[in-house]
Amino acid sequence: MAKFVIQGGNSLSGEVEISGAKNAALKMMAAAILTDDEVVLTNVPDISDIRTMQEVLAKLGAKVEFSDHVMTINCSGIKDAQPDYELVKHIRASIVIIGPLIARKEKVIMPQPGGCLIGSRPIDTHTKAIEQFGVTVSLEKDLYHFTNKGLTGASIVLEEMSVTATENVLMAAVLAKGNTEIRLAASEPEIADLAEMLNKMGAKITGAGTSIIKIEGVDKLHRVEHQVLPDRIEAGTFAIAAAVSRGDVRIKNITPHHLDFVLHKFKQANINFEIEDDNSVLHIKPTTIFNHINIDTRPYPGYPTDLQSPLSILLTQAKGTSKMFETMFEGRLGYIRELKKMGADITEIDSHTIIVNGPTPLYGKKITSFDLRAGATLIIAAMIAEGESEIDKIELVDRGYENIELRLNKLGANIKRIK
Ligand code: EPU
């Protein structure tokens, strides 16, 4: 396992370009299964989750080429509908191959997917929804067996506004016979972008990006070239890093309205920022005093759970008492222990709620990251801490942030990777 050694205390300045969204690109790769034609994706982030998904598709029989953020996928050679057990265990997002595979194959066998250790995440919402198309689902020795005798469109109410369940149902529905309606659909911008790509392939989808999505099934999808939307979570992470370092950073290639509520909270926290250059740049400027704020994480358009942990660093630097309530994942506050070691004044009320008192100085320490977003959070903490920090298990951060240390170092950070 690699680690980062970080010398704290530098404030960030300069410009950084935001990558394509991990949580859109992964689903678009799965969508390539829906056609025998070529699928070309541009602005694909070069991160390890994307490389793992590339292997998942290749092991199934797809041809996948990836260089310079352009990915070309041809799934016409897919014979097998049993993804590699080890790979799937490694990446939870691989769950989204169920929808497109069952749309095209009679039988799909899928192990329970893995991913970050952020809480119990059963896949019942997915299986119950897919059963509505007339698919039989059974669980035998940790393997889900999906049997399809022709998918028929249905009116499906999801158990919860799950992002990946919405995407799975959407991708199964585009080739189902007749009409499908997904109610209680998740409305994240990544889902709307996936639907836009599918429509370019010949699908008939309306309402994606809202909680009711309507799909008219078609017989076949065709070739597409699609650019992945910017990663709003990466943009938010860099913005918080810039703000807490009292830096001056222009964050380029963003879609501000995907960050509406995040920016609303930034304003409440007194972060000094401006949207510039025709809405494509978030300019974080130096702030003297941060205000305490309260945050609840919610499905989009609420405050994203993936930006919960990075924001905690801002709360440690804000004047007064802040409260953060993680409504989605019960295991997503594990990093608090590490922040406390560094000097943060945080009380854990329960597995979903913390109270943060600030401002408190942070001190460099040996700390461990538990998941992708917690890892990014500890990097930010170490960058503003006094002295040197060592962060373990940096591979978890490589899952979702491309060249994070090079990009932060270019802005003035002092981060060394040690293998
Ligand atoms: N949940 C609720 N209430 C809701 C919606 C969801 O309690 O209204 C709960 C679910 O029960 C579950 C959790 O929240 O425990 C997450 O739900 P969801 O099914 O939406 O998560 P997911 O589809 O498995 C995707 C992203 C996650 C992101 C969540 C929430 C991908 C591959 N993963 O996961 O991304 O945190 O949506 O926005 O798209 C990450 O990138 O680090 C990551 C974990």
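Numbers for residues simply follow the sequence, beginning at 1.
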Margin query: Applying salt bridge (Lys or Arg N to Asp or Glu O under 4.0 Å) to Arg407 and Glu17, what does each step give before you reach the verdict?
Written below: CA-CA 9 Å; Arg407 290 156 83 203; Glu17 188 94 24; over 6 Å; no
With side-chain hydrogen bond (donor to acceptor under 3.5 Å, both in side chains) as the criterion, how do His283 and Asp277 come out once you've worked through the C-alpha distance, each side chain's angles and the decisive distance to 0.1 Å? CA-CA 10 Å; His283 186 169; Asp277 291 6; over 6 Å; no
query = Given Phe325 and His352, is the side-chain contact (heavy atoms from CB on, under 4.5 Å) satisfied, shown in steps?
reply = CA-CA 6 Å; Phe325 180 28; His352 286 276; 3.7 Å; yes
Open item on the list: Evaluate Glu348 against Lys340 for salt bridge (Lys or Arg N to Asp or Glu O under 4.0 Å), listing each step before the verdict.
Closed with: CA-CA 11 Å; Glu348 291 164 84; Lys340 280 167 132 175; 3.4 Å; yes
* Passes side-chain contact (heavy atoms from CB on, under 4.5 Å), Ile295 versus Gln308? Steps please. -> CA-CA 8 Å; Ile295 293 272; Gln308 173 260 110; 5.9 Å; no
**Criterion side-chain contact (heavy atoms from CB on, under 4.5 Å) on Ile391 and Thr368, from CA distance to verdict** = CA-CA 5 Å; Ile391 309 179; Thr368 301; over 6 Å; no
How far apart are the C-alpha atoms of Val224 and Met28, what are their side-chain angles, what is the distance that settles it, and do they pass the side-chain contact (heavy atoms from CB on, under 4.5 Å) test?
-> CA-CA 11 Å; Val224 71; Met28 290 169 180; over 6 Å; no
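Residues Ala93 and Leu26 come closest through the heavy atom pair CB-CD1, 3.6 Å. Closest approach of Ala32 and Ile73 over heavy atoms only: CB-CG2, 3.7 Å. Ser309 and Thr377 get closest at one heavy-atom pair: OG-OG1, 2.8 Å. The two residues Gly20 and Pro45 have their closest heavy-atom pair at O-CG, 3.3 Å. Across all their heavy atoms, His90 and Arg399 have their closest contact at O-NH2, 3.4 Å. Nearest heavy-atom pair, Pro83 versus Ile97, reported as atom, atom and distance to 0.1 Å: CG-CD1, 3.4 Å.
Surrounding NZ of Lys341 are more than 12 heavy atoms belonging to other residues, nucleotides or ligands, all under 6.0 Å away. Other residues, nucleotides and ligands place no more than 12 heavy atoms under 6.0 Å from the NZ atom of Lys214. The local environment of CG in Asp350 is crowded, with over 12 non-hydrogen atoms from other residues, nucleotides or ligands closer than 6.0 Å. In Arg337, the CZ atom is not crowded: 12 or fewer heavy atoms of neighbouring residues, nucleotides or ligands sit closer than 6.0 Å. Taking a 6.0 Å sphere around CZ of Arg183, one finds it holds 12 or fewer heavy atoms contributed by other residues, nucleotides or ligands. Within a 6.0 Å radius of NZ in Lys393, other residues, nucleotides and ligands contribute 12 heavy atoms or fewer. Heavy-atom contacts from other residues, nucleotides or ligands closer than 6.0 Å to NZ of Lys204 number 12 or fewer. Atom CD of Glu65 has 12 or fewer heavy atoms from other residues, nucleotides or ligands within 6.0 Å.
Remark: the backbone N or O of Gly99 is paired with a side-chain donor or acceptor of Asn168 at under 3.5 angstrom. Without hydrogens or angle criteria, Asp84 side chain to Leu87 main chain gives a donor-acceptor distance under 3.5 Å. In this structure a side-chain-to-backbone donor-acceptor pair under 3.5 Å is missing from Thr255 to His257. A distance-only check finds a donor-acceptor pair linking the side chain of Asn409 to the backbone of Glu405 [under 3.5 Å]. Checking side-chain atoms of Arg250 against main-chain N and O of Val281 turns up no donor-acceptor pair under 3.5 Å. Using a distance-only test at 3.5 Å, with no hydrogens or angles considered, a donor-acceptor pair links the side chain of Thr35 to the main chain of Leu221. Looking only at distances, a side-chain donor or acceptor of Thr287 sits under 3.5 Å from a matching main-chain atom of Asn272. The backbone N or O of Lys177 lies less than 3.5 Å from no partner atom in the side chain of Thr152, so there is not a single donor-acceptor pair. Although no hydrogens or angles enter the test, the distance criterion places a donor-acceptor pair under 3.5 Å between the side chain of Glu234 and the main chain of Ser19. A donor-acceptor distance shorter than 3.5 angstrom exists from the side chain of Asn199 to the backbone of Ile205, with no hydrogens or angles considered.
Asp371 CG to Leu396 CG: the interatomic distance, rounded to the nearest 0.5 Å, is 7.0 Å. Interatomic distance, CG of Asp398 versus CZ of Arg51, reported as 12.0 Å (0.5 Å rounding). Residue Ile354 holds its CD1 atom at 3.5 Å from CD1 of Ile336, rounded to the nearest 0.5 Å. Residue Lys22 holds its NZ atom at 8.5 Å from CD1 of Ile50, rounded to the nearest 0.5 Å. For the atom pair CD1 of Ile254 and CG of Leu263, the computed distance is 6.5 Å after rounding to the nearest 0.5 Å. Atoms CG and CG, from Leu12 and Leu411 in turn, are 5.5 Å apart once rounded to the nearest 0.5 Å.
If you run side-chain hydrogen bond (donor to acceptor under 3.5 Å, both in side chains) between Asp36 and each of Lys220, His222, Arg104, Arg223, only Arg104 comes through. Each of Asp345, Asn294, Asn357 was evaluated against Thr321; a single residue qualifies, Asn357, per the side-chain hydrogen bond (donor to acceptor under 3.5 Å, both in side chains) test.
You'll find the side chain of Phe266 stays beyond 4.5 Å of the side chain of Leu259, heavy atoms only. Between Met161 and Thr166, the closest side-chain pair of non-hydrogen atoms is not below 4.5 Å. Looking at heavy atoms from C-beta onward, Val163 lies in side-chain contact with Lys27 at the 4.5 angstrom threshold. Between Phe238 and Leu408 the shortest side-chain heavy-atom distance falls below 4.5 Å. In this structure the side chain of Phe4 reaches within 4.5 angstrom of the side chain of Arg417, judged on heavy atoms. Between Tyr300 and Pro189 there is a side-chain heavy-atom pair separated by less than 4.5 Å. Using a 4.5 Å cut-off on side-chain heavy atoms (C-beta onward), Leu362 and Gln317 make contact. Counting only heavy atoms from C-beta outward, the side chains of Asn23 and Asp306 approach each other to under 4.5 Å.
Side-chain polar atoms of Thr305 and Glu326 form a donor-acceptor pair below 3.5 angstrom. No hydrogens or angles considered: a donor-acceptor pair under 3.5 Å links the side chains of Thr237 and Tyr401. Residues Asn74 and Ser76 have side chains that bring a donor and an acceptor to within less than 3.5 angstrom of each other. For Glu160 and Ser162, the side-chain atoms include no donor-acceptor pair closer than 3.5 Å.
With sequence neighbours left out, Glu188 forms a salt bridge (charged side-chain N to carboxylate O under 4.0 Å, His left out) with no residue at all.
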